[in-house]
Number of protein chains: 2
Amino acid sequence: MNLHTTQLVRTDCDSCPIRHRAVCSRCEPDELDVLETMKTYKTYDAGQTLVWAGDSVQFLGSVVSGVAALSQTMEDGRRQMVGLLLPSDFVGRPGREIAPFDVVAATEVTVCRFQKAPFEKLLVSTPSIATRLLEMTLDELDSAREWMLLLGRKTAREKIASLLAIIARRDASLRLRKAAGRVQFDLPLSREAMADYLGLTLETVSRQISALKREGIIELQGKRRINIPDYANLLNETGDDTDGGMIV
Amino acid sequence: MNLHTTQLVRTDCDSCPIRHRAVCSRCEPDELDVLETMKTYKTYDAGQTLVWAGDSVQFLGSVVSGVAALSQTMEDGRRQMVGLLLPSDFVGRPGREIAPFDVVAATEVTVCRFQKAPFEKLLVSTPSIATRLLEMTLDELDSAREWMLLLGRKTAREKIASLLAIIARRDASLRLRKAAGRVQFDLPLSREAMADYLGLTLETVSRQISALKREGIIELQGKRRINIPDYANLLNETGDDTDGGMIV
DNA sequence: ATCATTCCTTGATCAAGATCAAATTCGGGG
DNA sequence: CCCCGAATTTGATCTTGATCAAGGAATGAT
C-alpha cells in the first residue's frame, strides 16, 4: 500500500495541502490537471481502520497528514505491522482489487484520494506514471527487505534505535536541523504500536527506551517527545552499517 | 531482485530451457523475438555469489533451474535472507543501477540473462511489460510483508512449518500431487540457509525439524528429502489463517 | 578402505525477551 | 483542582531460542 517513500506529491498547492507534481518530466500538464479534479479528502481518527484486509478497495491516494500503519493480524491476535505510512506516502495499488493488509490510523490521518478506475486509466494513457510507480514500488520492496533484517536479526535495543532513526529521518524537523547533532521529534506511535512494528512486546519497548534514556542517548519530554542530543551516537546503536539505507 | 513469483517465462522452448511468453496479450510477437535474441545463459555453483550488494548490475533475467537467495549481512556477520529465487523468478530491477542485496546460489543455479539496457528499452516501447512488472513487484512486496509477519511474530516451529509449506507449494511435485494429502520434495536449502531465512540459528532449525519428524508431521529420507504424509496437517502448524497467502 | 571435510544432530547451559502483575504518570473532563 | 482511565513504567519470574560443545553421518579425495 505504501507505494513509496519518495514523494508523488508536493505541498505547494493553495487549495489543499498537497498537489500532484509532475510524476515525470514527460507528463503533460493536462494529465496532472485530471488528477487535480479527481481528488477528494478524508480524515480518520486515531485508531480507526481505513481499510480492512480483504476489502475491495476503490481508492488510491496519499497521506496528507498524520501517520497510518499497514498491519497483519493472526487468528490468535498476534499482530505485525508491515509498513508505516507517513505524509506524502502513497496508499493503494493500481491493478489490485483486494487490500492485502489492514490500514490503521496511528494518529489522526488525512488522506487525499482518487477513485481507482480513473487513476488506472491515467496510468495506461501516461506510461511514465507507470514507470514512476514501478520505481516507487521497488523502493518499498527494498524498505520491506531492510525491515526483514531488523525483524530477523536485530536485538531489541537495535530495533528501537533503528525505529527512532527512521522516524527522525522522516520527520520534518530533521530536515531543518540535520546539520546539528541534536534532533527532536514527536513519536507518532504508542508503545504498543512500536512493539507491533518491531516484533516485540510493549514492555520490552518501554524498557529499552528507558535504558536509552538512562544512558543519555535519548531524552524524553513527556512520553512522546524525543530529544536526541547526538544523532550520530544513536546511529551507533542501530546495528546498521550505513545510515542512508533504511527508510520506511 | 526477485521481481516475481508469477512466471514471466515458460518452459516450452526447444533451444533453451525457457522462453519468454507473452507478458501480456498486447505484446507484439516481434518484441518477444527481441527478447529471444538478447538472451544468454550462465550457471553458478552452489555457494557462489551472483551479485554483491552495491555492485553495479548489467543484467536482468530469470532463474532457469536451482535456487538462489537474496540476503543481507551485518558488519558482525549476522545474516538475513530476504527472498528466495526459485525457477521462473525474475532477477534484477529495471531502472536500478546498484544491487541492494547479495544474490547467492543456494544450489547450482542457471540464469537466463538479458542485458539491462536493451531490456529497459523494450520496457519503454512496450508499456504492457511495465504494467506486468509493476504487478509482479507488487506481488513481491506482498510476499515480503507476509514474511515480516513470520519473522516478527511466529514461533520457531511455525517458521519451519511455514517454510516447508512454501517450498512444497512452489515445488513441481506438489502441482502433480496436490490432490493427495501426501507431498514430497527436496529441501533446496541447508539448515544454515533455512536459519538465515527464518531468523533462527541452525541448531534451532535442526531441533524443530527433528521435533516435527518425531511427531510424524514430516518424514525424512536422508537430510534433504522431505515427505509430508498429510499436508493439511502441516498447515495447522504454520499459524497461517489461510493457506494461499504466503508465497515466496 | 581410510581420512578429511562438511553438514547435521543432540546435549547442556545461558540469556534475551516474554509473560504476569503491580505501580506510576499523564492528559483530559468534570 | 481533582479524579478517572488509558498509557506507560517497573518488577519478578518464566520460556524460548541462542550459545557453547560434542558427537554422528554422508560425501569425496587419496
Side-chain angles (χ1 to χ4, degrees), chain A residues 45-47 74 76-80 106-108 150-164 186-215 218-226 237 239, chain B residues 45-48 67 74 76-80 104-108 150-164 186-215 218-226 237 239:
Chain A
D45 291 333
M74 293 170 69
D76 60 7
R78 282 177 283 176
R79 201 176 316 142
Q80 178 64 49
T107 62
E108 183 179 276
L150 177 143
L151 291 172
R153 294 301 185 195
K154 291 193 180 179
T155 64
R157 183 187 177 87
E158 289 169 339
K159 287 178 175 183
I160 298 285
S162 294
L163 179 59
L164 293 179
D186 279 310
L187 276 178
L189 302 176
S190 68
R191 299 292 186 266
E192 186 180 20
M194 292 176 70
D196 285 342
Y197 200 26
L198 299 171
L200 298 171
T201 59
L202 68 92
E203 292 95 331
T204 298
V205 170
S206 179
R207 274 186 249 271
Q208 293 296 335
I209 288 178
S210 298
L212 290 173
K213 184 172 69 176
R214 212 176 306 123
E215 297 170 33
I218 63 174
E219 294 159 8
L220 288 183
Q221 289 160 20
K223 297 176 180 212
R224 293 294 190 94
R225 183 141 200 92
I226 301 280
E237 302 294 333
Chain B
D45 292 333
Q48 215 180 335
V67 177
M74 293 170 68
D76 60 8
R78 281 177 283 177
R79 202 176 317 142
Q80 177 63 51
V104 184
T107 63
E108 184 178 274
L150 177 143
L151 291 172
R153 295 300 187 194
K154 291 193 181 180
T155 64
R157 182 186 178 88
E158 288 169 341
K159 287 177 174 183
I160 297 286
S162 294
L163 179 59
L164 293 179
D186 280 311
L187 275 179
L189 301 177
S190 68
R191 300 291 187 263
E192 186 181 19
M194 292 175 69
D196 284 343
Y197 200 27
L198 299 171
L200 298 171
T201 60
L202 69 93
E203 293 95 330
T204 297
V205 169
S206 179
R207 273 186 251 270
Q208 293 296 335
I209 287 178
S210 298
L212 290 173
K213 185 174 67 175
R214 213 176 307 124
E215 297 170 32
I218 64 174
E219 293 159 8
L220 287 183
Q221 288 161 20
K223 300 180 177 211
R224 294 294 191 93
R225 183 142 199 91
I226 301 280
E237 303 294 333

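First the proteins, then the strands, lettered A, B, ... as listed; each starts at 1.
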- For B/Arg79, all residues meeting side chain to side chain donor-acceptor pair (under 3.5 Å), sequence neighbours excluded: B/Asp196
- Message: Using five pairs at each end of the helix from C/dA1-D/dT30 to C/dG30-D/dC1 to define an axis, what is the angle between those two axes, to 10°?
- Response: 30°
- Message: Between P on C/dT10 and CZ on B/Arg191, what's the gap in Å once rounded to a whole number?
- Response: 10 Å
Show the atom names and distances, to 0.1 Å, of all donor-acceptor pairs under 3.5 Å that link a side chain in residues 201-212 of chain A to residues at least two apart or in another chain.
from: A/Thr201; atom 1: OG1; to: A/Thr204; atom 2: N; distance (Å): 3.3
from: A/Thr201; atom 1: OG1; to: A/Thr204; atom 2: OG1; distance (Å): 3.1
from: A/Ser210; atom 1: OG; to: A/Ser206; atom 2: O; distance (Å): 3.0

- Give the C-alpha distance, both sets of side-chain angles, the deciding distance and a yes or no for side-chain contact (heavy atoms from CB on, under 4.5 Å) between B/Glu108 and B/Val67. CA-CA 7 Å; B/Glu108 184 178 274; B/Val67 177; over 6 Å; no
- Message: Which residues pass the side chain to side chain contact (heavy atoms under 4.5 Å, CB included) test with B/Lys223, not counting sequence neighbours?
- Response: B/Arg191
- Item | Span of DNA chain D, from the first to the last nucleotide whose atoms fall under 4.0 Å of chain B heavy atoms | D/dG17 to D/dC20
- Task: In sequence, state the C-alpha distance, the side-chain angles, and the governing distance for B/Leu187 and B/Arg225, and then conclude on side-chain contact (heavy atoms from CB on, under 4.5 Å).
- Result: CA-CA 6 Å; B/Leu187 275 179; B/Arg225 183 142 199 91; over 6 Å; no
- Could you give me the CA-CA distance, side-chain angles and deciding distance for A/Glu237 and A/Arg157, then say whether salt bridge (Lys or Arg N to Asp or Glu O under 4.0 Å) is met? CA-CA 7 Å; A/Glu237 302 294 333; A/Arg157 183 187 177 87; 2.7 Å; yes
- Please tell me which of A/Glu192 and A/Arg153 maps to the more 5' nucleotide of DNA chain D, matching each residue to the nucleotide holding its nearest heavy atom. A/Glu192
- Task: Using the closest heavy atom to pick a nucleotide of DNA chain D for each, name whichever of A/Leu220 or B/Ala156 lands nearer the 5' end.
- Result: A/Leu220
- Message: Using a strict heavy-atom distance below 4.0 Å, which residues from residues 202-214 of chain B are in contact with DNA chain D?
- Response: B/Glu203, B/Thr204, B/Arg207
- Message: Does A/Lys154 form a side-chain contact (heavy atoms from CB on, under 4.5 Å) with B/Met74? I'd like the steps, not just the answer.
- Response: CA-CA 10 Å; A/Lys154 291 193 180 179; B/Met74 293 170 68; 4.2 Å; yes
- Message: Output the rounded distance in Å from CE (B/Met194) to P (C/dC8).
- Response: 10 Å
- Quick one: label B/Arg157 by what it contacts on the DNA or RNA (base, sugar-phosphate, nothing), any heavy atom closer than 4.0 Å. nothing
- Atom of A/Gly152, atom of B/Leu151 and distance for their closest heavy-atom approach: CA-CD2, 4.2 Å
- Query: Do B/Gln48 and B/Val104 touch side chain to side chain, with heavy atoms closer than 4.5 Å?
  - Reply: no
- Grab the CZ-P distance between B/Arg225 and C/dC8 for me, whole Å please. 16 Å
- Query: Could you give the CD1-to-P distance, from B/Ile160 to C/dC8, as a whole number of Å?
  - Reply: 12 Å
- Query: B/Gly47 near the nucleic acid: base, sugar-phosphate alone, or nothing, with a heavy-atom cut-off under 4.0 Å?
  - Reply: nothing
- Query: When all nucleic acid strands are considered with a 4.0 Å heavy-atom cut-off, which category describes B/Ser190: base, sugar-phosphate, or nothing?
  - Reply: sugar-phosphate
- Message: Strictly below 4.0 Å, N to O, side chains only: are B/Asp186 and B/Arg224 in salt-bridge contact?
- Response: no
